[in-house]
Amino acid sequence: MAATVSETLLAWYDRHARDLPWRARPGAAPPDPYRVWLSEVMLQQTTVAAVKPYFAAFTARWPDVEALAAAPEDDVMAAWAGLGYYSRARNLVKCARAVAERGGFPATEADLRELPGLGAYTAAAVAAIAFGQRAVVVDANVERVVARLFAIEDPLPGARKAIRSAADSITPDRRAGDFAQAMMDLGATVCTARDPRCLLCPLAQACAARAAGDPARLPVKAPRKPKPLRQGRAFWIERDGAVWLVRRAGTGMLGGMRALPDDGWSAQGDGSADPPLAGAWECAGVVRHVFTHAALELSVLVQRDAPQPAGPGEWWPLDRIEEAGLPTLFAKAARLVRAS
DNA sequence: CATGCGTGGGC
DNA sequence: TGCCCAAGCAT
């Protein structure tokens with residue numbers, strides 16, 4: 001009798017699994033749920049290479065969920081700076097506190113799904129990888145592999161239901177966590193988006209898209225909308241070797257992060273608010289930055305020997321600016337000013 | 001179900 | 001260079 005897809009893929013995984021800091025060896029006992037959860041949240045829409053240093057820093061500083069639960073939210077936000085999608089960091093703290101309160105991570109997909117920041121994907125991934133439960137784990141890699149394997153022609157996101165159903169049909173009862181990671185490894189290293197390496201693929205014989213001749217065509221995706229270009233201004237207010245920093249509102253773009261004061265620019269529109277101080281401003285240059293839904297040209301205006309602006313904020317020492325936890329946009333602005 | 005939400009790397 | 005892409009979630 002021919003081997004099933006999951007048997008073939010697990011045999012491939014036993015030989016070719018990537019060695020990642022949050023991962024157990026194939027077939028070994030499940031890794032620490034805290035490390036699985038933390039890595040999965042960091043990996044949401046984020047590459048392995050970007051995650052690695054953050055995972056190392058977080059686990060060194062907060063070795064377990066109780067330690068993370070006890071951390072001030074601002075410290076976690078600052079430690080997350082540069083990784084993007086900052087609502088993840090806010091939910092990370094909420095989730096850690098909920099888990100510490102209940103005495104540990106729940107072990108079922110349904111209970112994991114109730115935690116802040118755990119959606120369908122992450123709940124299934126943690127259930128399978130950390131707790132050995134059978135769960136249907138569908139991320140963008142799995143969508144691509146499954147769409148090709150079954151030659152699903154319907155465009156995303158409409159095809160989600162069919163893809164999930166097909167993924168369910170090949171998910172094994174045993175080693176569901178290894179199977180999920182194997183699918184993701186296959187998608188990341190072999191069944192890649194642009195140029196699938198079918199000659200290296202353990203599932204090539206079973207792949208309907210390969211049989212049809214053009215696997216790279218799948219999955220079909222809806223066309224994306226054009227990205228508007230926004231203009232904004234940020235204000236660098238310096239005095240006695242310190243710069244004036246504010247904290248952005250808790251939700252929305254760069255929500256909850258430390259920042260330079262600005263003129264109210266957003267993904268929806270250009271900035272128009274007055275500067276936080278009267279007086280003359282010198283333009284240090286323009287930072288170009290691309291967000292998910294808009295590109296931004298941010299003019300950085302400087303005033304030195306300035307009085308303290310009205311409203312909340314803090315003077316941050318320039319020699320410790322790296323520790324402020326500025327998101328990349330404002331880190332770029334800081335580099336621009338300090339280079340000028 | 002569509003939209004808002006970061007960032008860096010590859011081609 | 002500009003575009004696509006990456007282990008999605010909340011609303």
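Order of the sequence lines sets the chain letters (A, B, ...), proteins ahead of strands, with each chain counted from 1.
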Point to revise | Cationic tip of R15(A) above W12(A) ring, under 6.0 Å, 45° of axis | key: no
Practice item. Would you check if the distance from the ring center of Y34(A) to the ring center of W62(A) is below 6.0 Å? Key: no
Review point. With sequence neighbours left out, which residue pairs that include part of residues 212-228 of chain A fulfil the side chain to side chain donor-acceptor pair (under 3.5 Å) condition?
Key: E153(A)-R217(A)
Check your understanding: Does a donor on one side chain sit under 3.5 Å from an acceptor on the other, for E40(A) and Y121(A)?
Key -> yes
Exercise for review: Report yes if the distance between the aromatic ring centroids of F291(A) and H289(A) is under 6.0 Å, otherwise no.
Suggested key: yes
Check your understanding: What residues in residues 44-52 of chain A put a non-hydrogen atom under 4.0 Å from any atom of DNA chain B?
Key -> Q45(A), T46(A)
Practice item. Can you sort out which residues in residues 154-162 of chain A have a heavy atom within less than 4.0 Å of DNA chain C? Ascending by number, please. Key: none
Point to revise | Residues which pass side-chain hydrogen bond (donor to acceptor under 3.5 Å, both in side chains) with R148(A), listed by chain and number, not counting sequence neighbours | key: none
Point to revise | Partners meeting side-chain hydrogen bond (donor to acceptor under 3.5 Å, both in side chains) with Q133(A) (sequence neighbours left out) | key: none
Check your understanding: Going by number, which of residues 261-273 of chain A have a non-hydrogen atom under 4.0 Å from DNA chain B?
Key -> A267(A), Q268(A)
Exercise for review: Considering only Ile, Leu, Val, Met, Phe, Trp and Tyr, and joining two whenever side-chain heavy atoms are under 4.5 Å apart, list the other residues clustered with W315(A).
Suggested key: F235(A), I237(A), W244(A), V246(A), L277(A), W281(A), L301(A)
Point to revise | Separation of atom NZ in K221(A) from atom P in dC4(C), rounded to whole Å | key: 10 Å
Point to revise | Residues from residues 173-199 of chain A lying under 4.0 Å of DNA chain B - heavy atoms | key: R194(A)
Study note, to complete from the structure: Residues of residues 10-36 of chain A with a heavy atom under 4.0 Å from any atom of DNA chain C, listed by number, are R18(A), L20(A), W22(A), R23(A)
Review point. Any salt bridge between R164(A) and E143(A), counting N to O under 4.0 Å?
Key: no
**Study point:** Lys/Arg cation over aromatic W265(A): R248(A), 6.0 Å, 45° cone
**Key:** yes
Review point. Starting at the 5' end of DNA chain B and moving along, which residue's nearest nucleotide shows up first, K225(A) or L329(A)?
Key: K225(A)
**Study point:** Separation of dC5(C) C1' from L43(A) CG (nearest whole Å)
**Key:** 15 Å
Practice item. Heavy atoms of chain A, cut-off under 4.0 Å: which first and last nucleotide of DNA chain B, 5' to 3', fall inside that, if you could look? Key: dT3(B) to dG10(B)
Check your understanding: Considering residues at least two apart in sequence or located in another chain, which fulfil the side-chain hydrogen bond (donor to acceptor under 3.5 Å, both in side chains) criterion with R25(A)?
Key -> D19(A)
Point to revise | Those residues that, when tested against R35(A), pass side-chain hydrogen bond (donor to acceptor under 3.5 Å, both in side chains) (two or more places apart) | key: none
